[in-house]
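I have placed the structure first, in the form of structure tokens, so that the comments after it can refer back to it.
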Amino acid sequence: MDSTMMVREKKERRTELPDLEGCSEVTKVVMRIAPGPSGPLHLGHSRVAVLNDEYVKRYDGRLVNRFEDTNPEKVDPEAYDMIKEDLAWLGVEVHETVFQSDRFPRYYDVMRSLTGMGHGYVCICDSEDWRASKVSCKACPCRDLPIDEQLDRLDRFLSSGYAAGEAAAVIKTAIDHPNPAVRDFIALRQVDHPHPRTGDRYNIYPMMNLSVAVDDHDLGMTHVLRGKDHLNNTHRQEYIYGYMSWNKPRFFHYGLVSIPDTILKTSMIGNGIKDGTYRGWDDVRVGTLAALRRRGIEPDAIRKFWSEVGMKQVDVQVSWDNLFAMNRDIIDPKAKRFFFVPDPVELRVRFEGEAESSCPVHPDSPELGQRTHCFLNDFLVHICSDDMEELRDRGMIRLKGFCNIAHGEELRHAGDDMEVTRQGVKVVQWAPPGSVEAEVLMPDGETVSGLVEPISAQVDDMVQFERFGFVRIESLKPKVRAVFAHR
RNA sequence: GCUCCUGUAGUGUAGUCCGGCCAAUCAUUCCGCCCUUUCGAGGCGGUGACCCGGGUUCGAAUCCCGGCAGGAGCACCA
């Protein structure tokens, strides 16, 4: 029998997203990502960016990046560019960029229409009272005033005729809606705080349910992907679609993401930077894309990762192991190998004669050549203190690609018979003469110091420090500095 | 409290709509072994899951009912 028939073909790992419903019913798929510019993107944000981008590419659609900068107190002016960089790095192709802060008059117009149709009101009640009447399904005194009066109030409100916080424009849903989270919601509020992009030209700001519904409609969204924390917002926005007789996009809600021991909250990271806990947005301890980039995580690993997680409504607790495994698949074939010796100790070796060491730059790619070093008589190299202990305990160790070292009266070159490795002698990395100081920044923020052989790599390259892990080279001079990715 | 959503191995995921081909897929993790001058890669094998209880049915991860558990929302944040 043909032996190849016995071998079961390895199934390809499927990371394909399921088809998106409703794509056949529209002429052109239009989707969006809607970041709030309060900081750069983190791993959590990358999920919706990747999913939208994947679908838009699959269906040859259009992707809009809409900056949701409707809360002037939360906007970080630098975030606009940081987010653009993050998206570009991820390989997300944005066809159009929209700023909500350019569209305030449009939101006012829609609110006027809604109010004119009797679907909105301007409430001047104390906010506590308004909320309290809502939970007991009762209309506040403002809600049922005649439309003319509501329109007068709205004009006054829009021309700053009220003090900040005194009035708010509200959209009616059903005051006795069984779901308290869906009853009447605020659409416009007054904030006397300058906006990074519009200064003090406007002080009436839309709440997301108004601006999002208006924009999703105006920009022709066919499919909207969002976290399930927006489930009730979707219900609220559906009232606006209904009142305005707009076609609704299809909505999809995916579950929330958490990653053990990882901070994925922009505000928390921002605070940590302010109080000095973190060194910046790319501090390796945080979950920003900037930090992951610095650690040598490839955008394609992130894309594959989210494609596999998909869009289920269940909350997911994802683990770094899965992401790292995907990253390793990508970088392993192209990462040059070098010896890095953490916690180095001297190894003075008695030797007479000439020898040359030789290790492949990459074990699976011989064409990349060898790393070689020449030795004449007694020599001095460095090995890791743990391996020195092993040498003492066992009496022998092998310097990878070079020779065996025996520990007797003195340390001596013990030939390079590789048979010893079959007897359990450890093969270790070592730092030849001419090695330079190196520091590896670990994910916990600590630094591991040591020696690294002269390396033929460039800044930003991913390399593997043998028996240590994959690292990204951050600088080569005056000393080698690298950032740890994963084993 | 109210409303909504969801429950497949440690983790992620396939299967659930249209019951049988599911003694449940793939990946990762962990543990062995093989290979390899790395604790990387590769190969082989193993541990490990349909939340619980009823019902319908010849047959249920899949349909129905009831529990239970987890999550989200009830903001002049997004």
## Note on the structure
To the nearest angstrom, the OH-C1' distance between Y254(A) and G71(B) comes to 15 Å
### Message
Counting C-beta onward and ignoring hydrogens, is there a side-chain heavy-atom pair between M207(A) and T70(A) closer than 4.5 Å?
### Response
no
### Task
Tell me yes or no: between the side chains of T262(A) and W320(A), is some donor less than 3.5 Å from an acceptor?
yes
### Message
Would you say R131(A) places a side-chain N or O within less than 4.0 Å of OP1 or OP2 belonging to C76(B)?
### Response
yes
### Row check, F67(A) ring normal vs R197(A) NZ/CZ: under 6.0 Å, within 45°
no
#### Entry: Audit row: V316(A), R47(A), side-chain contact (heavy atoms from CB on, under 4.5 Å) steps and yes/no
CA-CA 12 Å; V316(A) 291; R47(A) 181 185 193 183; 4.3 Å; yes
### Query
When we call it a touch if two heavy atoms are under 4.0 Å apart, what does F324(A) touch: a base, just sugar-phosphate, or nothing?
nothing
### Query
Using atom P of each nucleotide, how far apart are U57(B) and U11(B) to the nearest Å?
36 Å
### Query
Which whole number of Å gives the distance between the C1' atom of A75(B) and that of C30(B)?
45 Å
### Query
So, is K312(A) close to the U13(B) phosphate, meaning a side-chain N or O under 4.0 Å from OP1 or OP2?
yes
### Task
Determine the contact category for R328(A): base if any of its heavy atoms lies under 4.0 Å from a base atom, sugar-phosphate if only primed atoms, P, OP1 or OP2 are that close, otherwise nothing.
sugar-phosphate
### Sugar-phosphate only, base, or nothing, as touched by M207(A) at under 4.0 Å among non-hydrogen atoms
sugar-phosphate
### Task
Quickly, which of F339(A), F340(A), F470(A) forms a ring pair (Phe, Tyr, Trp, His ring centres under 6.0 Å) with F465(A)? Name it, please.
F340(A)
### Task
With heavy atoms under 4.0 Å as the rule, sort N233(A) into base, sugar-phosphate or nothing.
base
### Message
By the 4.0 Å heavy-atom rule, please label T70(A) as base, sugar-phosphate, or nothing.
### Response
sugar-phosphate
### Query
U13(B) C1' sits how many Å from L323(A) CG, rounded?
15 Å
#### Entry: Spacing between E166(A) atom CD and C76(B) atom P, to the nearest angstrom
16 Å
### Query
Between the base of G40(B) and the side chain of D364(A), is there any donor-acceptor pair under 3.5 Å?
yes
### Query
Can you tell me how far C1' in G10(B) sits from the matching atom in G1(B), rounded to whole Å?
35 Å
## Note on the structure
Taken to the nearest whole Å, CG/L51(A) to P/G12(B) is 16 Å
### Query
For Q464(A), which contact category applies under a 4.0 Å heavy-atom criterion: base, sugar-phosphate, or nothing?
base
### Plane angle bin for F104(A) and Y202(A) - parallel if under 30°, tilted between 30 and 60°, otherwise perpendicular
perpendicular
### Message
For a quick check of understanding: with a heavy-atom distance under 4.0 Å over all strands, which category does H230(A) fall into, base, sugar-phosphate or nothing?
### Response
base
### Message
Measuring from the side chain of N179(A) (C-beta onward, heavy atoms only), which nucleotide among U3(B), G12(B), C74(B) has the closest atom?
### Response
U3(B)
### Task
Using the C1' atom on both, measure C68(B) against G59(B) and round to a whole Å.
27 Å
### Task
Round to a whole Å and report the spacing from NE2 of H177(A) to C1' of C4(B).
10 Å
### Task
Report the distance from atom CZ of R236(A) to atom C1' of G73(B), rounded to the nearest whole Å.
8 Å
### Query
Checking all strands, does S127(A) fall into the base, sugar-phosphate, or nothing category for heavy-atom contacts under 4.0 angstrom?
base
### Task
Scan P260(A) against the nucleic acid and name what it touches under 4.0 Å (heavy atoms): base, sugar-phosphate only, or nothing.
nothing
### Message
So G36(A), base contact, sugar-phosphate only, or nothing? Heavy-atom distance under 4.0 Å.
### Response
nothing
